[in-house]
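In what follows, a structure is listed as structure tokens, so that the remarks can point back to it.
Letters A, B, ... are given to chains in the order of the sequence lines, protein chains preceding strands, and every chain is numbered from 1.
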2 protein chains.
Amino acid sequence: MPARVTTLKELAAQLDLSITTVSRALAGHQQIALKTRERVTEAARQAGYVPNTAARTLVSGRSGFVGMVLPIRGPNLVDSFLGEFVTGLGEGLVSHGTDLILAAAAQGQSELSVLRHVVESGRADGVVVTRIAEVDERLAYLRQRNFPFVAHGRLLDTDFAYNWLDTDGAHAFGEAFDMLYDLGHRHFGLVTIAEPMTFRHLRQDGLAAAIARRGDPSVRLDVATAPRFDRGARIQAINRLLHAVERPTAIVALFDELALSVMEEAARAGLTIPRDLSVIGFDNIVASAYAPPGLTTFDASIRQCAREIGEMLLTIIGGRPAAPLTRLIRPTLVSRASHGPALTGKN
Amino acid sequence: MPARVTTLKELAAQLDLSITTVSRALAGHQQIALKTRERVTEAARQAGYVPNTAARTLVSGRSGFVGMVLPIRGPNLVDSFLGEFVTGLGEGLVSHGTDLILAAAAQGQSELSVLRHVVESGRADGVVVTRIAEVDERLAYLRQRNFPFVAHGRLLDTDFAYNWLDTDGAHAFGEAFDMLYDLGHRHFGLVTIAEPMTFRHLRQDGLAAAIARRGDPSVRLDVATAPRFDRGARIQAINRLLHAVERPTAIVALFDELALSVMEEAARAGLTIPRDLSVIGFDNIVASAYAPPGLTTFDASIRQCAREIGEMLLTIIGGRPAAPLTRLIRPTLVSRASHGPALTGKN
DNA sequence: GCATAAATTGCAAACGTTTTAAATCGACCC
DNA sequence: GGGTCGATTTAAAACGTTTGCAATTTATGC
């Protein structure tokens, strides 16, 4: 069995002080004589005393943890941002000594039930919620319980006030359109997914808004929608776009994985990127730099966002701000070689 | 403030039973009358009762958590396997309802101090340790404390018995050599790193052993060593290999990131892969499929490994096995297009 | 030297659960 | 009708910490 852990009682006995005094001394209370504080601190250091989390949590009502639900998907589907996100979150929390709890939701188990468990067992002082759905029961639950949380992503319903941080996908997609338009493109394709996530609307709306802003009736947009996890259907949707009688000269993909598929299929169809087709993605995943000719995309700086989410959550947990905290991060264009001037005429 | 959480006391009052009985009923003890058990279970379900983790931990000495230290490195350095690893771990733990704690170690803060804190604060019932160093103080600490843990990776010192799971890099590198040898290669390059991690020795030794096994004195191996995080030095080391008067016809890289750099530099030097140079990596990171012409590598199936590590740890936590648990996983070759027959003569 | 105030320390309750040991309740037997 | 046994329930302690309040010690003023 593990070697015994020092407790406050032992420390008190050893110092011939009460538990109370030792506890207060370690907490740095002014009411304890400076000399005593120093003596206690030194003894604690020497004994390698580490306070018991459970006891502290029980009495104080604060666990010192921030929770997050870890969705377990199919065998080969790992959230590609998880590593970055978790690292950023850890980075944001580490200053306060707050740790991160990852509660796995088994396949089939609802994420909400795991979240409820985390919240109601008192494991966490606050939670992070990612991948916001159009109708998100997690957000409804957390608000109803009035439990501290920060969401990575927005609801479409702007009446529902809560703490969120989001990447400004709308702006990015507008920027992509403007850039491509200025390069002479008029016929656009958008590859998107069928999942009921809000980010897809935000991005698509951003694109539509930019088109409307331009006010050029010759601009045309074809949308291809594929289910999120069905690779076959995804490829099919892309190919419908690529093999239409009138092919778009520029394709914007909802995120990099789709953009990479577009580039692969384009290559398979004998198209040269960016001469025959411009492709722009979103996220700047590692592979986008390696896939020839190099994908132009937007960097969402997940790690940085997660870090800020961690900091926001800490703010909320300690002293609840009056108004919800919100933060819109503008992604930066990573210009590689997958976009270029529109092919004019037939050459 | 959050809506109140149901407690055992409330449930007991509501049912007109003692706390003891309710607790036992929910735990399914036979000594409680079946009718009572059912009555209690139903009431608990209806009230949405979730036991308080801290209280339970405090009295039982079991936290229901497994811990892991999350290293925070430089701004753009994220452990590329973290997402997969954490997902696998969660998958392995979810059956027992065990959650994962990620304790961040700030830059500069020793990983050991964070580990100590996690262990001695009673936060976790067991821990996972990854990236084993040649001299690993974490392992020494955990053993000395006799605290349940599983390591992802091995020490070189085989006298030190502990629970580990490792990828058989030695075997993979032997396999790579055999395959390349059979394709006619005789002059090999190995790109490795200078960090004191054990896996680099295991893999390099596996390569050396395979060479020795073949007993062909014409086989030659040049080793290029680069610091782990200095991109410039890495590129330099690779180029020394590529621009030697006698260039290897096949380069084996310690892991994919190095292999991708080799491919990039080879392309920059005007070499065609695999005609002029065969390259083989290790890990099968996502980008390796996208980097032209497709990197031949070994899949270490991190997620699967992590899952098994989780299961091993649960076994160890509940009823300590007499002998240490060990598991060597053989990685599978992912044959893409970066390797081929050796260029013979000058053509 | 004594009263009083200020500084310092300690007692005991509380947090919500598990668990040991003991109490209560029926039912059954003679 | 008292005793015994088994089934069922409960009281109370314990886990290690924080904290309101009281007690003690020390310093201050006259």
Protein proximity profile, nucleotides 6-16 of chain C - base contact B, sugar-phosphate-only contact S, no contact -, cut-off 4.0 Å on heavy atoms: --SBBBB-BBB
Separation of dA7(D) P from Lys35(B) NZ (nearest whole Å): 17 Å
Exercise: do Thr21(A) and Ser18(A) side chains pair donor with acceptor under 3.5 Å: yes
CA sep, side-chain torsions, deciding dist, call: Phe147(A), Phe149(A), ring pair (Phe, Tyr, Trp, His ring centres under 6.0 Å): CA-CA 6 Å; Phe147(A) 192 81; Phe149(A) 75 99; 8.6 Å; no
Residues which pass side-chain contact (heavy atoms from CB on, under 4.5 Å) with Asp99(A), listed by chain and number, not counting sequence neighbours: Phe65(A), Ile101(B), Ala103(B), Arg123(B)
Would you give me the side-chain donor-acceptor pairs under 3.5 Å for residues 88-97 of chain B, sequence neighbours excluded?
unit_1: Glu91(B); atom_1: OE1; unit_2: Arg303(B); atom_2: NE; d: 2.9
unit_1: Glu91(B); atom_1: OE2; unit_2: Arg303(B); atom_2: NH2; d: 3.2
unit_1: Glu91(B); atom_1: OE2; unit_2: Arg307(B); atom_2: NH1; d: 3.4

Salt-bridge criterion met for Glu42(B) and Arg45(B) (N-O under 4.0 Å): yes
Phosphate OP1/OP2 of dT17(C) contacted by Ser23(B) side-chain N/O (<4.0 Å): no
